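Each remark here refers to the structure printed beneath this line.
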Amino acid sequence: MFEASDIREWRGHDVVDPNGHKIGVLEAIYVDTATDQPFFATVTVGLPTRRRLAFAPLPGATVGPGYLKIVHPKDVVKKAPTIDTDGELPASDEPDIFAHYELEYVPGSGGERRLARR
C-alpha cells in the first residue's frame with residue numbers, strides 16, 4: 001500500500017481502470033482514520049461544464065508512468081457517490097461510498113468519521 005505522502009504526489013495524474021481506460025484525474029486522497037492509510041481517492045469526472053468528484057478505492061492500486069491504476073472498472077467508478085468539485089464529504093454519506101464498492105463500513109468506536117481528506 002502507498003504511504004500517504006507518496007500517493008499525494010500523484011495528484012493531477014490520470015486515474016485508469018484495470019483495462020487502462022482513463023477514468024479521470026486524481027484530485028485528493030482520503031485516509032482511513034483508524035490506520036491513517038490512504039483508502040479512497042477522489043477522481044475528477046464528467047463534462048467540462050459539469051465536473052464532479054467520484055470516490056474510488058485505493059487498495060490494490062498500482063502506479064505506472066504518469067498514471068494511477070485502480071482495480072475497479074471505469075463504469076463502476078463513474079456510478080460511485082460524488083461530491084461537487086469544491087464540496088466536502090458529509091459524514092452521513094460515508095456509508096454509501098463503502099456500500100457502492102461492497103466494502104464494510106465501520107465508524108470509529110465513538111462514532112467518529114471513517115474517512116479524512118489529506
Side-chain angles (χ1 to χ4, degrees):
M1 193 62 197
F2 306 101
E3 291 295 323
S5 60
D6 294 337
I7 191 71
R8 281 192 301 240
E9 294 174 12
W10 288 88
R11 286 186 64 192
H13 286 78
D14 290 344
V15 176
V16 300
D17 74 2
N19 296 318
H21 298 119
K22 181 178 175 182
I23 299 169
V25 175
L26 180 64
E27 192 275 334
I29 302 299
Y30 284 76
V31 298
D32 183 328
T33 56
T35 64
D36 204 39
Q37 293 297 310
F39 202 76
F40 277 97
T42 52
V43 181
T44 304
V45 297
L47 301 172
T49 57
R50 294 183 44 213
R51 297 251 185 241
R52 61 193 193 286
L53 300 175
F55 286 82
L58 289 172
T62 57
V63 293
Y67 66 84
L68 173 72
K69 183 183 285 187
I70 62 169
V71 299
H72 293 280
K74 179 178 181 176
D75 62 329
V76 172
V77 175
K78 292 220 172 195
K79 293 176 185 171
T82 62
I83 57 174
D84 291 334
T85 55
D86 60 353
E88 292 184 21
L89 174 63
S92 60
D93 290 355
E94 286 184 2
D96 295 337
I97 295 168
F98 281 76
H100 178 76
Y101 292 103
E102 299 178 359
L103 299 170
E104 182 181 9
Y105 179 76
V106 180
S109 59
E112 298 91 3
R113 295 185 72 135
R114 177 80 186 268
L115 298 173
R117 185 176 173 165
R118 295 278 190 259

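Nothing here was measured: the structure is a model prediction, and the numbers come from that model. Note that the numbering runs from 1 along the sequence shown for the chain.
- Connection of Tyr101 to Leu68 is established within a shared hydrophobic cluster, with ILVMFWY side chains joined at heavy-atom distances below 4.5 Å, either directly or through further cluster members.
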Please table the atom pairs, donor to acceptor, closer than 3.5 Å between any side-chain atom in residues 20-29 and protein atoms at least two apart or in another chain.
from  : atom 1 : to     : atom 2 : distance (Å)
Lys22 : NZ     : Asp14  : OD1    : 3.2
Glu27 : OE1    : Thr42  : OG1    : 2.9
Glu27 : OE2    : Arg117 : NH2    : 2.9

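- Taking 4.5 Å as the limit, some side-chain heavy atom of Leu89 sits within range of a side-chain heavy atom of Ile97.
- We find the CG-NZ distance between Asp17 and Lys69 to be 8.5 Å, quoted to the nearest 0.5 Å.
- The distance from atom CD of Glu112 to atom CZ of Arg114, rounded to the nearest 0.5 Å, is 12.0 Å.
- In this structure, Glu94 contributes its side chain and Arg113 its backbone to no donor-acceptor pair below 3.5 Å.
- With sequence neighbours excluded, the residues satisfying side-chain contact (heavy atoms from CB on, under 4.5 Å) with Pro90 are Ser92, Asp93.
- In plain terms, the two heavy atoms of Pro57 and Ile70 that are nearest each other are O-CG2, 3.9 Å.
- Applying the side-chain contact (heavy atoms from CB on, under 4.5 Å) criterion to Ala116, with sequence neighbours excluded, gives Val31, Thr33, Arg118.
- Among pairs with a residue in residues 40-62, those fulfilling ring pair (Phe, Tyr, Trp, His ring centres under 6.0 Å) read Tyr30-Phe55, Phe40-Phe98, at least two apart in sequence or across chains.
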Tabulate below the donor-acceptor pairs under 3.5 Å that side-chain atoms of residues 76-88 make, not counting sequence neighbours, or state none.
none

Notebook entry, point to check: Can you check side-chain contact (heavy atoms from CB on, under 4.5 Å) on Leu53 and Val43, steps first, answer last?
Noted result: CA-CA 5 Å; Leu53 300 175; Val43 181; over 6 Å; no
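- Two different hydrophobic clusters hold Val63 and Val16 under the rule that ILVMFWY side chains link at heavy-atom gaps under 4.5 Å.
- Looking at residues two or more places apart in sequence or on another chain, you find a side-chain contact (heavy atoms from CB on, under 4.5 Å) between Thr35 and Asp32, Gln37.
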